[in-house]
Amino acid sequence: MISLDHILDKAKRVGICGHVKPDGDAYGSCMGLYLFLKTYYPSIDAKVYLEDRYPDSFRFVSCSQDVIHDYPIEEPHDVFFALDCSDLERLGSSGAYFQAAKNTVVIDHHVSNDGFGMICEIQPEASSASELVALMIGRERITRQIAEPLYMGIAHDTGVFQYSCTSSRTMMVGGWLMDTGIDFSRICDETFFLKTYIQNQVLGRALAESILMMDGKLIFSAIRQKDMEFYQIEPKDLDGIVQQLRVTRGVEVAVFLYEVQTRRYKVSMRSNGKVDVSKVALYFQGGGHVRAAGCTINGGVHDVVNNIAAQVEKQLLPSSQMSR
Ligand code: 5GP
Ligand code: MN
């Protein structure tokens with residue numbers, strides 16, 4: 001595993017960023033690393049850059065107000081970290097800082113990551129980028145402040161220590177974090193389980209309007225821009241819908257779409273194991289993990305779903321049937 005101390009030796013200006021539309025792990029890993037720098041490397045000028053706003057529920061994390069959302073022209077950073085990002089494009093506006101930096105570090109757990117940094121720690125078997133950051137910092141140096149965002153990140157990417165990406169190492173790291181005295185049940189409730197009334201209404205609607213295809217092996221639902229305007233919701237309010245679709249008995253793949261521009265859909269996919277949805281996402285220039293992946297596709301709902309279904313079917317059909 002790469003050594004943070006080695007990387008930070010002699011660095012004066014350090015930048016940290018996660019992927020666009022930061023989720024719990026992107027935010028948690030960035031803030032965990034940032035709070036580590038503030039605590040143990042106070043002379044380093046460290047900054048966290050996240051182009052998009054994060055959910056309000058993440059604000060309990062110490063120093064959340066320090067996150068920078070705009071991109072002034074700055075001197076190149078000595079070291080720039082990209083966390084939980086599978087490719088340069090997913091960095092959004094932070095990509096320019098990343099490319100200009102003297103030293104670049106990629107810490108990630110996406111199978112689709114091809115190692116776009118000068119120094120890379122990519123472990124597809126890790127539950128989360130937050131797990132990797134915790135391991136790099138090491139048990140002795142993890143304070144309660146540092147533990148809070150890292151626990152959130154791990155909890156989110158593992159569905160609260162439940163998805164198959166959860167390993168005994170994940171549980172061990174979770175234990176280290178717990179031992180700092182964090183209020184772990186509150187973190188999970190406040191940032192993962194609790195939904196607003198509107199979010200629950202939209203979830204209910206998405207479930208009610210969901211459609212089964214491929215003999216019940218694929219389920220999909222979609223939300224259009226006009227519905228999002230009606231409910232006055234943003235993409236981050238849609239978290240959890242695809243997970244709920246996935247736990248439909250008999251389903252292999254759940255697909256949830258939301259319209260980002262007219263006839264342009266952001267696609268979230270979840271698999272119950274038989275289908276590698278990162279392959280499907282990659283086919284449409286997206287990425288992710290075997291059981292959770294995403295991409296963006298142009299077209300109407302039915303075109304998008306049919307195109308995805310064709311790729312899913314390729315994986316579900318035995319090869320002998322494919323050639324017919
Ligand atoms: P979600 O469905 O929660 O948005 O994303 C599931 C997983 O797929 C996450 O790990 C996320 O980073 C990845 N992912 C989602 N959308 C994209 C995309 O457009 N490009 C890439 N490379 N990865 C994505
Ligand atoms: Mn992640």
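For ligands, and for the atoms within them, numbers begin at 1 and follow the listed sequence.
- For the pairing with His156, the ring-ring contact (aromatic ring centres under 6.0 Å, His included) check across Phe58, Tyr27, Phe161 returns one residue only, Phe58.
- Contacts of Tyr97 classified as ring-ring contact (aromatic ring centres under 6.0 Å, His included), with partners at least two apart in sequence or in another chain: Tyr49, Tyr71, His77.
- Judged by distance alone, with hydrogens and angles left aside, the side-chain atoms of Asp66 form no donor-acceptor pair with the main-chain N or O of Val48 at under 3.5 Å.
- Rounding to the nearest 0.5 angstrom, the gap separating the CD1 atom in Ile219 from the CE atom in Met213 is 11.5 Å.
- The part of Arg270 lying near ligand 1 is the side chain, judged by heavy-atom distances below 4.0 Å.
- For the atom pair Leu194 CG and Asn200 CG, the distance stands at 9.5 Å (nearest 0.5 Å).
- The structure places CZ of Arg224 at 9.0 Å from CG of Leu257, a figure rounded to the nearest 0.5 Å.
- Counting heavy atoms under 4.0 Å from ligand 1, residue Arg90 touches it through the side chain alone.
- Closest to atom 7 (C) of ligand 1 among all protein heavy atoms lies Ala292 O, 3.5 Å.
- The side-chain hydrogen bond (donor to acceptor under 3.5 Å, both in side chains) test with Gln123 is passed by exactly one of His109, Glu131, Arg169, His110: Arg169.
- Of the protein's non-hydrogen atoms, Gly287 O, 3.4 Å is the one closest to atom 24 (C) of ligand 1.
- Of all the heavy atoms of Ser268, the ones lying under 4.0 Å from any atom of ligand 1 are found in both the backbone and the side chain.
- Under 4.0 angstrom from ligand 1, the non-hydrogen atoms of Asp87 all belong to its side chain.
- Rounding to 10 degrees gives 90° for the angle at the Mn ion (ligand 2) between OD2 of Asp25 and OD2 of Asp157.
- Rounding to the nearest 10°, we obtain 80° for the angle at the Mn ion (ligand 2) between Asp84 OD1 and His109 NE2.
- Closest to atom 22 (N) of ligand 1 among all protein heavy atoms lies Ser86 OG, 3.0 Å.
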